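Fair warning: this is a prediction, and the values are worked out from it, not measured in the lab. Every heavy atom of this structure was used, including side-chain atoms; hydrogens, water molecules and symmetry mates were not. The sequence lines fix the lettering, A, B, ..., with proteins before strands; numbering per chain opens at 1.
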Amino acid sequence: MSIRNSAAGAARTLARLDLNLLVTLDALLAERNVTRAAQRLHLSQPAVSVQLGKLRQSLQDALLVPGPRGMSPTTLALQLEGPLRDALHQLEAVLAPARPFEPASADTTWRIAASDYGETAIVLPLLPRLRAAAPASRLAVVQLVPQRLAHLAEHGEVDLGLVTMDIAPPGLRSRVLFSERYVLVGRDGHPALRRRPTLAQFCKLEFVIVSPEGGGFRGAADVLLDAMGLQRRVVLSVPHFLFVLSAVASTDLVALLPSRIVAAAGLPAGVRTVAAPLEVPGYDMAMVWHERVHRDPAHAWLREQVAGSITA
DNA sequence: AAACGTACTCATGCAGAACG
DNA sequence: CGTTCTGCATGAGTACGTTT
């Protein structure tokens with residue numbers, strides 16, 4: 001029977017399949033062990049073994065074969081694992097009695113993935129609001145690793161991610177919080193910053209830039225300058241935004257920083273902002289979350305607090 | 001009310017892995 | 001290399017709901 005790959009075959013397979021068995025398959029794939037899946041389902045091991053047998057017959061696939069450490073999923077089982085888990089989670093979310101979220105008494109622990117920029121520009125303004133409205137809740141800010149964000153959100157290890165829109169994982173829901181622009185910062189009394197520098201003077205300055213992955217010496221400004229046939233001098237690259245403020249305060253280095261990090265963190269003594277001689281394109285900052293938590297009242301509430309704490 | 005179908009548990013067989 | 005352990009599969013018996 002090789003109908004599995006055709007659309008008609010898939011429809012026939014689904015129509016013939018006892019959908020209750022999908023819950024069993026989900027447990028089997030999560031545990032990779034019939035006995036433990038049975039415990040999870042509050043059934044006996046033989047009962048689940050029989051259900052696995054039915055799944056095998058319906059889907060014409062062994063699904064799980066004895067391997068070196070428990071049962072190993074077949075290719076088809078691996079293909080089913082993600083979509084099946086998502087589908088069941090979504091059903092659970094819809095069917096679960098929608099109890100309204102009560103922030104005043106909720107002891108929820110939130111997990112937000114953010115860079116130090118996200119911490120300063122978004123989490124910092126959020127904090128007073130969160131502490132006042134939900135005093136029994138806790139917040140864990142975890143390091144943002146963009147490549148892992150979709151996976152962590154999918155597995156419920158992160159509730160919300162704070163990322164620039166251009167790297168927002170396509171599978172996640174997103175909402176733009178604000179558009180960011182760059183400002184030029186340098187120390188008070190910097191000889192080249194007494195007034196707005198010309199483009200030529202700008203290119204002679206020594207820059208520190210933030211390279212979140214580390215080691216990069218090019219930013220949005222360099223792309224713009226390239227187009228004009230110009231170059232600037234980037235002499236220091238650091239992974240964190242906040243260190244930049246300290247660096248420009250104590251040296252003649254200057255930096256183009258997102259305006260909100262300057263506004264939220266505050267300028268250290270002896271540091272000032274200056275109008276730049278070119279308009280470096282900014283970026284849209286967004287929060288992202290998984291479909292699974294989209295309808296959850298508690299998560300929706302958190303997202304409203306984040307959006308509401310952003311100042312114009 | 002009886003017949004029937006379904007899905008469960010219990011007991012046990014069997015295979016492979018781990019251990020001494 | 002034999003024994004023990006672990007874990008899946010299977011047959012027998014049973015409970016329960018549905019159909020006639």
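Taking 4.0 Å as the cut-off between side-chain N and carboxylate O, Arg187(A) and Asp252(A) count as a salt-bridged pair. One finds no salt bridge joining Glu304(A) and Arg129(A) here, because no Lys/Arg side-chain nitrogen approaches an Asp/Glu carboxylate oxygen to under 4.0 Å.
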Margin query: Pair Val234(A), Arg218(A) - check side-chain contact (heavy atoms from CB on, under 4.5 Å), show working.
Written below: CA-CA 8 Å; Val234(A) 179; Arg218(A) 286 175 56 81; over 6 Å; no

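The aromatic ring centres of Phe207(A) and Phe202(A) sit less than 6.0 Å apart.
Heavy atoms only, all atoms of each residue included: Leu59(A) and Leu80(A) are closest at CD1-CD1, 4.1 Å.
In this structure, Thr35(A) reaches the sugar-phosphate backbone alone: every heavy-atom distance under 4.0 Å involves primed, P, OP1 or OP2 atoms, never a base. Residue contacts for Arg36(A): at a heavy-atom cut-off of 4.0 Å it reaches no nucleic acid atom on any strand shown.
As a whole-Å value, the separation of Leu64(A) CG from dG7(C) P is 15 Å. Whole-Å rounding puts the Leu55(A) CG to dA9(C) P distance at 12 Å. We find that CE of Met71(A) is positioned 16 Å from P of dA15(B), with the value rounded to whole Å. One interatomic measurement links the two molecules: CZ of Arg32(A) to C1' of dG7(C), which rounds to 17 Å at whole-angstrom precision.
For the contact set between residues 41-48 of chain A and DNA chain B, defined by any heavy atom under 4.0 Å, the members are Leu43(A), Ser44(A), Pro46(A), Ala47(A).
The aromatic rings of Trp110(A) and Trp301(A) lie parallel to each other, with less than 30° between the two planes, well short of the 60° mark.
Contact annotation: Lys54(A) side-chain N/O to dT6(B) OP1/OP2 distance is not under 4.0 Å. OP1 or OP2 of dC8(C) has at least one side-chain nitrogen or oxygen of Asn33(A) nearer than 4.0 Å.
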